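What follows is a set of notes on a single structure, which appears directly below.
All values derive from a computational prediction rather than experimental measurement.
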Amino acid sequence: MESNHDSHISKKRKTCTDSGDYSEATETQTINLKHDTDMWFNDGSVVLQAGLFQFRVHKAVLGRSSSIFRDMFSLPVSSPSTTDELVEGCEVVHLHDSAEDVRCMLSAIYDYEKIDLTKQILLRNLSALLRLGAKYDIPILRNNALQRLQKEFPTTLEDYDRVAHDSWQTFKPVGAGCLFDLINLAHNEGIVSILPQLYIHCISRSSWKGNPTLHYLFHGIEQEGGTVATLPPNVRCDILLGKEKLIEAIHQHPLQWLNRTYVCYNCATPDRCRLSCNDILISRLLPTPQLDFAFEPWAEIKSEANFCKACEREFERVHEAGRKKLWGLLPTLFGMPDWKELKKMDRW
């Protein structure tokens with residue numbers, strides 16, 4: 001919520017002369033500022049301004065959560081003068097962040113106990129918690145965002161199997177470009193352990209609903225407001241090179257049992273088992289490999305096949321061992337260190 005008011009602001013501003021010298025001049029401006037009524041406390045002791053929005057909050061609350069704000073507010077305050085910028089007797093601190101991000105940060109600080117990790121939040125809010133949590137050194141906010149991302153994109157196969165992969169669980173994406181936004185966010189904020197799974201999403205058919213992956217990777221994705229979500233050239237290169245390596249690794253590891261020209265040595269129904277193998281081969285690998293099935297558990301394949309007991313036991317053993325092998329290789333296929341090193345690189 002917001003309320004509008006005209007602010008007549010008189011303040012000293014530094015200006016640079018043609019000779020490179022700095023001078024001070026008092027300017028009077030009339031700006032149509034908005035009070036954020038949800039974050040406007042009548043007993044607040046400081047006003048934060050982001051763009052055209054102002055938030056009246058408490059120095060003590062911010063200082064308790066953030067070392068940056070605590071150090072800022074501990075600086076000696078000079079006696080107020082007619083040129084100081086004040087709002088209702090409170091000093092104004094200008095933040096070079098969007099009002100939406102600042103609102104999200106303040107709401108999370110004031111209502112942190114109400115944040116439920118099991119409930120989804122908007123991706124843009126998750127991004128704000130991650131970025132501003134780092135910028136202003138607010139560990140509780142950044143850790144909350146990190147926990148959501150690491151729950152969504154775990155680094156072990158066991159945890160991966162517990163996550164539903166048909167939709168996001170901890171945050172709500174908005175717009176078709178959210179996948180690219182998330183990849184860029186992970187790179188910018190140093191959360192590299194989630195990148196291997198995000199890269200797989202980029203080359204999976206289900207992510208684009210049948211539309212060509214290459215088109216989006218090279219031309220970007222148009223979003224609301226006319227902006228285009230894109231990936232840096234080096235990231236596009238890693239994804240495409242990794243795709244070819246991933247296809248080869250799927251053949252070599254989880255689905256290597258499909259490469260056999262024979263069924264298991266004591267197969268009870270050779271013709272039927274060969275036919276089931278052929279059906280799985282067509283549905284998973286032809287005409288091109290469907291990378292959505294890279295880590296498909298055996299139980300899902302079994303539900304579609306009609307193997308004899310002997311072949312089922314043998315194929316399951318090979319498939320599950322191959323899944324574990326492929327998972328261990330996954331980061332390296334995209335040119336990254338292994339999982340252990342990748343986790344160490346995450347910037348908490």
Side-chain angles (χ1 to χ4, degrees), residues 1-14 22 24-117 121-122 124-148 188-189 347-348:
M1 296 177 65
E2 64 191 54
S3 63
N4 297 338
H5 71 287
D6 288 338
S7 288
H8 298 274
I9 300 175
S10 295
K11 51 188 174 182
K12 290 182 178 178
R13 288 197 181 276
K14 286 186 177 180
Y22 285 96
E24 284 190 341
T26 301
E27 300 177 349
T28 301
Q29 299 176 323
T30 300
I31 304 175
N32 185 29
L33 296 174
K34 303 176 180 66
H35 287 173
D36 187 287
T37 54
D38 289 335
M39 284 292 134
W40 189 269
F41 301 96
N42 291 331
D43 61 344
S45 52
V46 66
V47 171
L48 304 183
Q49 183 171 325
L52 296 179
F53 280 84
Q54 292 184 327
F55 309 83
R56 185 175 180 179
V57 289
H58 305 87
K59 290 182 178 181
V61 174
L62 297 186
R64 186 171 62 242
S65 303
S66 161
S67 66
I68 301 297
F69 284 122
R70 183 167 60 250
D71 292 343
M72 180 191 305
F73 298 145
S74 67
L75 295 174
V77 179
S78 58
S79 301
S81 68
T82 57
T83 57
D84 288 329
E85 185 180 351
L86 299 175
V87 172
E88 297 185 9
C90 298
E91 66 175 307
V92 178
V93 175
H94 291 264
L95 303 181
H96 299 287
D97 307 288
S98 71
E100 187 175 47
D101 283 355
V102 172
R103 184 181 299 110
C104 175
M105 175 187 72
L106 294 174
S107 297
I109 289 175
Y110 273 87
D111 297 320
Y112 183 76
E113 293 181 357
K114 297 180 181 179
I115 296 180
D116 188 346
L117 282 173
I121 63 174
L122 292 174
R124 62 173 177 264
N125 290 344
L126 182 143
S127 174
L129 295 181
L130 196 62
R131 291 182 289 102
L132 270 60
K135 180 177 181 179
Y136 296 110
D137 188 26
I138 312 175
I140 58 172
L141 300 193
R142 186 171 174 85
N143 290 346
N144 180 283
L146 285 170
Q147 288 173 37
R148 290 176 182 274
N188 293 337
E189 294 302 318
R347 192 166 68 235
W348 281 79

- [ ] With sequence neighbours excluded, tell me which residues meet side-chain hydrogen bond (donor to acceptor under 3.5 Å, both in side chains) with Gln147.
- [x]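 For Gln147 there are no side-chain hydrogen bond (donor to acceptor under 3.5 Å, both in side chains) partners, ignoring immediate neighbours.
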Open item on the list: I'd like to check the side-chain hydrogen bond (donor to acceptor under 3.5 Å, both in side chains) partners of Arg142; sequence neighbours left out, ordered by chain and number.
Closed with: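 Checked Arg142 against side-chain hydrogen bond (donor to acceptor under 3.5 Å, both in side chains); matches are Glu189.
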Could you report the tightest heavy-atom contact between [X] and [Y], atom names first, then the distance?
X      : Y      : answer
Ala99  : Ala50  : CB-O, 3.6 Å
Ser45  : Cys90  : C-SG, 3.8 Å
Met105 : Ile138 : SD-CD1, 3.8 Å
Asp101 : Leu132 : O-CD2, 3.7 Å

Task: Positive for ring-ring contact (aromatic ring centres under 6.0 Å, His included) with His58, one of Phe73, Phe69, Phe41 - done: Phe41
Task: Pair listing, side-chain hydrogen bond (donor to acceptor under 3.5 Å, both in side chains) test, anchored in residues 64-73, at least two apart - done: Ser67-Asp137
Open item on the list: With no hydrogens and no angle check, just 3.5 Å: does a side-chain donor-acceptor pair link Asp38 and Tyr110?
Closed with: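 Result is no, nothing qualifies.
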Task: Stepwise side chain to side chain contact (heavy atoms under 4.5 Å, CB included) check, Val102 with Asp36 - done: CA-CA 11 Å; Val102 172; Asp36 187 287; over 6 Å; no
With a 4.5 Å limit on heavy-atom distance, are the side chains of [X] and [Y] in contact?
X      : Y      : result
Arg56  : Val46  : no
Val47  : Val57  : no
Glu100 : Phe53  : no
Val93  : Met72  : yes
Leu126 : Asn144 : no
Leu141 : Ile109 : yes

- [ ] Return yes if some donor-acceptor pair links the side-chain N/O of Asn143 with the main-chain N/O of Pro139 below 3.5 Å, else return no.
- [x] yes
TODO: Please name the residue in the list Arg103, Lys135, Arg131 that meets the salt bridge (Lys or Arg N to Asp or Glu O under 4.0 Å) test with Asp97.
DONE: Lys135
Open item on the list: With rounding to the nearest 0.5 angstrom, report the CD to CG distance, Glu91 to Leu48.
Closed with: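 That separation rounds to 9.5 Å.
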Task: Derivation of the side chain to side chain contact (heavy atoms under 4.5 Å, CB included) call for Tyr136 and Leu95 - done: CA-CA 11 Å; Tyr136 296 110; Leu95 303 181; 3.6 Å; yes
